[in-house]
Participant: 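One structure, pasted below without further comment.
These numbers come from a predicted model, not from an experiment. Each ligand, and each atom within it, is numbered from 1 in the order the structure gives.
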Amino acid sequence: MSPTNAMLAAGPTPTAASRRRAPEGLKGLIVADTAIGSVQGDEGFYHYRGHNAAELAPLSPFERIVELLLDIDDPGPFLARQRATVEAPFVRAVADGFGNDPMPLGPLVAGLWAAVDTTPTVDLDPQGRRNAALTAIAISPVLLAGTARLLNGLDPIVGDPGRGHAADYLRVATGVEPTTEAVRAVETYLNLTAEHGFNASTFTARVITSTGASVPAALGGAIGALSGPLHGGAPSRVLDMINAIGDPERAGDWARRHLDAGGKLMGFGHAVYRHHDPRSETLRRTAESFTDPGARDLVERAVDIEQRLLSVLAERRSGRRFVTNVEYYAAIVLHLAGLPQDLFTATFVVSRVVGWAAHILEQASDNKIMRPSAHYVGQGAQSAG
Ligand SMILES: CC(C)(COP(=O)(O)OP(=O)(O)OC[C@H]1O[C@@H](n2cnc3c(N)ncnc32)[C@H](O)[C@@H]1OP(=O)(O)O)[C@@H](O)C(=O)NCCC(=O)NCCS
């Protein structure tokens, strides 16, 4: 046996292997200190710098959430000014070449890379990093909405600095003057989902920042992670599921068939929350605040279907508790606010870019490159000859 094979056969020393093995999916593993916020799964509670996020969300302007999470004073005027700088020819240029992907995340990554300072975070001072982060937060909604409109054969709409961030997003995304009810609903959603601990996309942003890479580089990775159906890609599938079920009486049979075929029930389950997801409760109340009879009918159906799907999950996985997660009522709220399904994940980006930005700034301010290890379980080394 060559020295290399002998070393492979021996593997890592037992103490190192047992002591340093991370849990599957890194669940529960603490990998950093943060002052931005935390998710307390057992209590069904999360906060932004000590403020109860679920209580704050329905009452605050989005700009207040940005101020709190990024720990900066009065970002509103900067956000408004930057939002209005995104002109239609720029949106067209970044959307060009992304043909028929209905989710406008590719153009967003390209647009951020083109419009936000690409200086590596290690070479920027704190003010430079904050400017890059705030610019990304400001222009994301206009870029996303504009490219989605282009994909649907419509012209992009320029941001209006005279409006609040949430109201302006809804206007440039739908092309109509939004109602106060719709703006409040979308703003609640954006506030609720702006930050949520070390989820997959936030962790990705921190890993990329740890290499010293630029703000748009870290955001590009985070956007990729968020696009997955198990993360930010879920809400559109929730609406498909509710539409496919139709009559709540059919929910049980539909769910059993879906699970038998290896599918998941979208909008249910959570890696951290075990008893309830506070975001889902706030969003259910937000959905219930729509007064139109058609909206009331959809919400009543969704509430009925939710209970039936939870029963099927409990029956199939006895002993486990499943929560209704944020995505279930997010889908209803975004739909009732007039946003097309193609923009559901994009709307999640409009909010979560704030949490990513806060984590990028925190990581860059006290950085150590992240470099975990893997336990080799493949075949022995082959000699080159
Ligand atoms: C969010 C999610 C990825 C968390 O996954 P997780 O951390 O593996 O969750 P758990 O450890 O509680 O899962 C336990 C088991 O229940 C299954 N499970 C979890 N959620 C499920 C769901 N919604 N439908 C069916 N099965 C589900 C898991 O696949 C796992 O099965 P296994 O033991 O055979 O591997 C998962 O619940 C999920 O895929 N939900 C649906 C997608 C969704 O709504 N995503 C938005 C998240 S906010």
Participant: Are any non-hydrogen side-chain atoms of F98 and T147 less than 4.5 angstrom apart?
Facilitator: no

Participant: Can you list everything that forms a ring pair (Phe, Tyr, Trp, His ring centres under 6.0 Å) with Y189? Sequence neighbours excluded, please.
Facilitator: none

Participant: Dump the pairs for me: ligand 1 N or O, protein N or O, distance under 3.5 Å, to 0.1 Å.
Facilitator:
| unit_1 | atom_1 | unit_2 | atom_2 | d |
| --- | --- | --- | --- | --- |
| ligand 1 | 7 (O) | K27 | NZ | 2.7 |
| ligand 1 | 11 (O) | K27 | NZ | 2.8 |
| ligand 1 | 12 (O) | R274 | NH1 | 3.1 |
| ligand 1 | 12 (O) | R320 | NH2 | 2.7 |
| ligand 1 | 23 (N) | L265 | O | 2.7 |
| ligand 1 | 23 (N) | F268 | O | 2.8 |
| ligand 1 | 24 (N) | L265 | N | 3.0 |
| ligand 1 | 29 (O) | K264 | NZ | 3.4 |
| ligand 1 | 31 (O) | R317 | NH1 | 3.3 |
| ligand 1 | 34 (O) | R317 | NH1 | 3.4 |
| ligand 1 | 37 (O) | F268 | O | 3.4 |
| ligand 1 | 39 (O) | K264 | NZ | 3.1 |
| ligand 1 | 40 (N) | F268 | O | 2.9 |
| ligand 1 | 44 (O) | G267 | N | 2.8 |
| ligand 1 | 44 (O) | N325 | ND2 | 2.9 |
| ligand 1 | 45 (N) | L230 | O | 3.3 |

Participant: Do the side chains of V272 and L283 join up, straight or via other hydrophobic residues, at under 4.5 Å, putting them in one cluster?
Facilitator: yes

Participant: List the residues meeting side chain to side chain donor-acceptor pair (under 3.5 Å) with E87, not counting sequence neighbours, and say none if there are none.
Facilitator: none

Participant: Which ring-ring contact (aromatic ring centres under 6.0 Å, His included) pairs, counting each pair once, include a residue from residues 195-253, with sequence neighbours left out?
Facilitator: Y46-H196, H196-H270, H196-Y273, F198-H359

Participant: What distance do L361 atom CG and D366 atom CG have between them, rounded to the nearest 0.5 Å?
Facilitator: 13.0 Å

